[in-house]
Structure formats: C-alpha cells, structure tokens
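Read through the structure below, which is laid out as structure tokens, and then see the notes.
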Amino acid sequence: MALTFYNTLTRALEPFKPLQEGKVGLYTCGPTIYNFAHIGNFRAYVFEDLLRRYLEYRGFEVKHIMNLTDVEDKLIRTCRETGQPLKALTAKFAAAFFEDVATLKIKPAQLYPAATDHIPEMVEMIKVLRDKGHTYEDKGSIYFKIGSFPGYGGLGHMDLSQLQSGASGRVDADEYEAEEARDFALWKAWDADDGEVYWETELGKGRPGWHIECSAMSTKYLGPHFDIHCGGVDNIFPHHENEIAQSECATGKTFVNYWLHCAHLVVEGRKMSKSLGNFFTLRDLVGKGIDPVAIRWVLLATHYRQPNNFSFDAVEAAKQSLNRIRDFRIRLAEVRGDGADLAELCEKCRAEFEAEMDSDLNISGALGAVFNFVRDVNKALDEGGAGVRGAQNALDLLDRLDAVTGILAPSTEEEAPAEIMDKVLARQQARRDRNFAESDRLRDEVLAAGWVIEDTPKGPRVKKA
RNA sequence: GGCGGCAUAGCCAAGUGGUAAGGCAGAGGCCUGCAAAGCCUUUAUACCCCGGUUCAAAUCCGGGUGCCGCCUCCA
C-alpha cells in the first residue's frame, strides 16, 4: 500500500510522490519566539516530528526546515516596554524552545532559519513582486494586492466576497492602511513605536511583514517548488494562503505539492486559556513532575487531524501505557535459552504498523498493532515459547518503531542505590527464612523510598515507583 | 454574518456502508507466602438527538444541539 496524506489543497487523500525520487523537502512553520511555547504549539511540532520520522523510516531523505519568527508586533512591544534589544529577547526564548524540543524528543530540523537573518532575501522577493505589479505602496509600507493572484483563496477555500473585514476582532480595521482590508503587508514602514527595530533597505526603513519570511526562506533552502508544508489549521488562512500567493507570483512556479495541517489541542475539553486556568507551557507540566515522554504520548497518540483533548487523566493513562511498554522491554531483556524466534508476530506487527501509518499517519491504529504485539509476545513468554533470539527480534522491532514514535524506548531510569539494594537483599533472606512479616516490612520501606520490588523466577527486580 | 472541523464506553481513542481496534481505569480468575508484573475472561443491544436513503448506517443525505477553529500576522 502506498503512503497517503490528506492534502488541504485538494481536501482529499493523495498518494505521496516526492518531486525527487527518495527525497523530501519539508517546511514547517515554527514558533514566534516571544515567550515559552505552550503544549498546543507542541502538538503541531510533535505531529510534524512524527511525519518527518515516518518519512525517514520509509527510506526518504528528508530536508526539514523550521523557521523562527523573531520580529513581530508583540516582540517589538516587549522591546519597547523593557528596553531590551530584540536579539537579546529572542535569543532567550529560542534557547528555551530548543530545550523544550529536546525534552519532548522531537528530532531537530536540519535548519532553523530566523526571519531577521534573511532580510535581504525578503527584500529581494518583494522587489520581484513589485516589478511584476503585484504590490502597491502606501505611507512607505508595501502591500500585496491579492486581486492580482487569480488563485487566491484556493487553500482555505475562502470566498473572498464573504470575508468580513476585522471579523476576528484581532485588528483595528480603522487603523489599517491597506487599500482593501484583505490585502496584506509585505513591508512595514518604520514608525516611532518600532523604536530600534528596523532595517534600512532598498524598500526604505522598516521591517518585513510576517508572511514573506516563510516564502523567502523556504525558497532559499528548499527551492521555489517543494514537497510538504505543515502547520496548524489556524495557519491555513491567511498565512499559508498568503505564502502561496507571494511565492507563486514571485517565482511563477507551483509552490508546494502537499499541505498538511493538524487540528488544535484543547485542555480538559475546553479551549486552552489563561482565564480558565488550563493554559500550560511544557515547562509547567514538567514542573509538576510529569514524565515528558508521557506528554509526548498524549500529544502524539491522537490522529493529527482530530482535535486532541489533553487531560490529566490522559496523561496518567499514557504513563501507565509507557510502563507497560517499558516493563515489556525489561522482560524481553531477561529472556534466556532457546525457543521460538517470534518472527511471525514481529512481521505481523510491523506490517500492521506500516499499513496504519501509510494511511495518513494513523498513529492510533499503529499503536493498537503494537499493543496487540505486546500482548501476544507476553503470552508466548508466559508459555515458555520464546527464546533469546525471539526476544531480540522483538526488541529490535520495538527499536525500529521507536525511531518513528519516540515513545517505545526503554526506561532510562537509574539503578537503585546501594542502601535500597541492601534492603532488597535483606528481604530476600527474610523470605528464605519464611519471615514474611519482616520481608513485607522491608518491601514497604523500599516502596516508601520510591522503589517497587517485583519478584520474578530469577529474583527480585527493582524499579522506580 | 460567512466558511470549515469534530461529537464512539468512566477516561483517551481507531474504525467512515456489512454488523464496534487498542490503551487507561473497573470486575472475576490464574500465578504469588502475600503483593507487584504478566496471562485469561469480562465491561458500548450499539457510536450526540430527530428524520430519511438502503436488504444493510457509527459510517451516506437533511434538520437540530454542543464543542473547536478560520474570516489580516495564534500550532
């Protein structure tokens, strides 16, 4: 079965065909680094990570570019209010973002180009658009005339005549300077509020609009026409719509073949908002002692086009699921002797996993296949029907699937400290003496210290509680 | 006002015309000195509501209700 993606452009499932055999150009809209990213943002980045990892699993060489938006209204306001230079502010949050990416085991993109490092590229593209008659100037700012691009509205399937100016409440329409409210800024002329944030260019003194950065940088690093562009559904209109307009008008080429967008995340069934008290950054959650891999699990385990309901019950369930996988791996690692090689079970799991993932990254179905595998192999182990080779085959398969999901790795927990192990040994002696009151007392002590004892035929196993 | 998405057990979540995957939690059993882990069995007369199409619908159509999103810089 062929790898298939749902393309926002056509609103249909399409077999994936890269422009170049075996290679994929992937551009994903990254964060605006004016604050710590929240878990809703990471839902998108985790989805993109899954996409990228699965493409690599499928043998594609993926060139993944994620931009960092480091000049924008909120940033400029903060600079003005705090007196900090723009770069100092963005450097701090960029560093925080990369820490968070590592925490969630997101595979880093090959490149994270920042908007402010690509002003010349943006100026160049705006000049081309100007020369081709797609722009107009007003009070020093340059706007893109959407009426000059016949395909405008194709991605969002928007009927332009129905657009209500300012309906989102995000802008003050009265202050808007474009000829038509639907037109968008390519270049914004400097005004006093911008303070020190400006560039002197052939277009005048000012700063770029938001949309142009993605067009300029994706073209620079992936070429004018590339394979996949991702983002959250909120990016469909206007951001991606505008990117298409700019890029296709500037280069005369098709911009992107496949547009993939993920649905939003809600928390406890409600839109995440500070007033509801359900707004979380990754740091907030890790600070509560939640295993980051459990967070990754919750963000990942819902199909990307479904709304994801992040709840603490779901985190708890994910944590238990993780334990199940980790315990399973421990059990496999302890297998000794000859026995079945489990080749059939491994092959069945692999085939089901791939079939589900091929189908527009159906991760829920794919994880279902993994859990069926865990159950079937556990059963084989119970019946003494598996040997070292089988266990190794199973572990190898989990490693391969972990390369895709990032949630099937062994526990990285440390060994229990010596004083705990002393108590474990003392408990063993008490058990041999059939002094169960003492052995249970020692087990409770060990548990109180944060370690769980599981007795196995080969002796006690000690795990972090 | 316009447009789009979603609604499946206590919770999370697949399935999108042929009779409800999987996980977590719960119940019973096996194993264990007792536990834990694991295994087995079990847990939705049925998929938001009301109509309709069909031999057959969670799945298609129409109408509701609720939630989420977009309609100029939010993943």
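All values derive from a computational prediction rather than experimental measurement. Below, chains carry the letters A, B, ... as their sequence lines are ordered, and counting in each starts from 1.
Within the 4.0 angstrom heavy-atom criterion, only backbone atoms of the sugar-phosphate kind lie near A/Gly231; the bases stay farther away. Residue A/Gln306 is classed as a sugar-phosphate contact, given heavy-atom separations below 4.0 Å to backbone atoms only. If you check every strand for non-hydrogen atoms under 4.0 Å, A/Ser439 touches a base. Among the heavy atoms of the strands, none lies under 4.0 Å from A/Asn242. Within the 4.0 angstrom heavy-atom criterion, no nucleotide atom of any strand lies near A/Ile363. When heavy atoms are screened at a 4.0 angstrom cut-off, A/Phe47 is found touching no nucleic acid atom at all.
Rounded to whole angstrom, the span from the CZ atom of A/Phe353 across to the P atom of B/rA14 amounts to 15 Å. As rounded to whole Å, 14 Å separates atom C1' of B/rA75 from atom CG of A/Leu282.
Applying the Watson-Crick and G-U wobble criteria (two distances, each under 3.5 Å), B/rU32 pairs with nothing in any strand. Under the Watson-Crick or G-U wobble criterion, with both distances below 3.5 Å, B/rG10 is paired with B/rC24. Of all nucleotides present, only B/rC55 satisfies the Watson-Crick or G-U wobble test against B/rG18, with each distance under 3.5 Å. Pair check for B/rC67 finds B/rG5; Watson-Crick or G-U wobble, both atom distances under 3.5 Å. Look at B/rA37: it lacks any Watson-Crick or wobble partner with both distances under 3.5 angstrom.
Distances from the side chain of A/Asn372 to the nucleotides B/rG33, B/rA14, B/rG22 place B/rG22 closest. Ranking B/rC68, B/rC11, B/rA14 by closeness to the A/Val266 side chain, first place goes to B/rC68.
A distance cut-off of 5.5 Å between ring centres, combined with a plane angle under 30°, places A/His264 in a stacking arrangement with the base of B/rA75. Residue side chain A/Phe371 fails the stacking definition with respect to B/rG22, as its ring centre and the base's six-membered ring centre are not both under 5.5 angstrom apart and under 30 degrees in plane angle.
When the C1' atom is compared between B/rU45 and B/rA58, the two are found 14 Å apart, to the nearest whole Å. Of the C1' atoms belonging to B/rU8 and B/rA46, the separation is 10 Å, rounded to the nearest Å. Of the P atoms belonging to B/rC60 and B/rC24, the separation is 30 Å, rounded to the nearest Å. Of the C1' atoms belonging to B/rC11 and B/rG4, the separation is 28 Å, rounded to the nearest Å. Between B/rA44 and B/rA14, the two C1' atoms lie 15 Å apart (nearest whole Å). Comparing the P positions of B/rC40 and B/rG22 gives an interatomic distance of 11 Å, to the nearest angstrom.
Residues A/Arg53 and A/Asp402 are not paired through a salt bridge, judged by the lack of any N-O separation under 4.0 Å between the basic side chain and the carboxylate. Contact check on A/Glu334 versus A/Lys458 returns no salt bridge, with no Lys/Arg side-chain nitrogen under 4.0 Å from an Asp/Glu carboxylate oxygen.
Judged by distance alone, with hydrogens and angles left aside, the side-chain atoms of A/Thr4 form a donor-acceptor pair with the main-chain N or O of A/Ala2 at under 3.5 Å.
With sequence neighbours left out, A/Tyr112 forms a side-chain hydrogen bond (donor to acceptor under 3.5 Å, both in side chains) with no residue at all. Among residues two or more places apart in sequence or in another chain, the side-chain contact (heavy atoms from CB on, under 4.5 Å) test is passed with A/Asp455 by A/Arg427, A/Gln428, A/Arg431, A/Ile453, A/Pro460. In terms of the side-chain contact (heavy atoms from CB on, under 4.5 Å) criterion, A/Ala340 has no residue partners (sequence neighbours excluded). The side-chain contact (heavy atoms from CB on, under 4.5 Å) check on A/Ser321 picks up A/Trp297, A/Phe371, with sequence neighbours excluded.
If you run side-chain contact (heavy atoms from CB on, under 4.5 Å) between A/Leu322 and each of A/Gln320, A/Arg324, A/Arg326, A/Lys319, only A/Arg326 comes through.
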Completion exercise
With B for base contact, S for sugar-phosphate-only contact and - for none (protein heavy atoms under 4.0 Å), nucleotides 34-41 of chain B reads BBBSSSS-
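Heavy-atom distances to RNA chain B give each of A/Asn362 and A/Phe436 a nearest nucleotide, and the one nearer the 5′ end belongs to A/Asn362.
If you check residues 288-304 of chain A against RNA chain B, the residues with a heavy atom closer than 4.0 Å are A/Thr302, A/His303, listed by number.
Within the 4.0 Å cut-off from OP1 or OP2 of B/rG69, at least one side-chain nitrogen or oxygen of A/Lys271 is found.
A donor atom on one side chain and an acceptor atom on the other are found under 3.5 Å apart for A/Asp234 and A/His264.
Note on ring orientation: taking the six-membered ring where Trp is involved, the planes of A/Phe97 and A/Phe42 are parallel (angle under 30°, cut-offs 30° and 60°).
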Exercise for the section: Give the C-alpha distance, both sets of side-chain angles, the deciding distance and a yes or no for ring pair (Phe, Tyr, Trp, His ring centres under 6.0 Å) between A/Phe312 and A/Phe280. Expected result: CA-CA 12 Å; A/Phe312 288 95; A/Phe280 299 110; 5.5 Å; yes
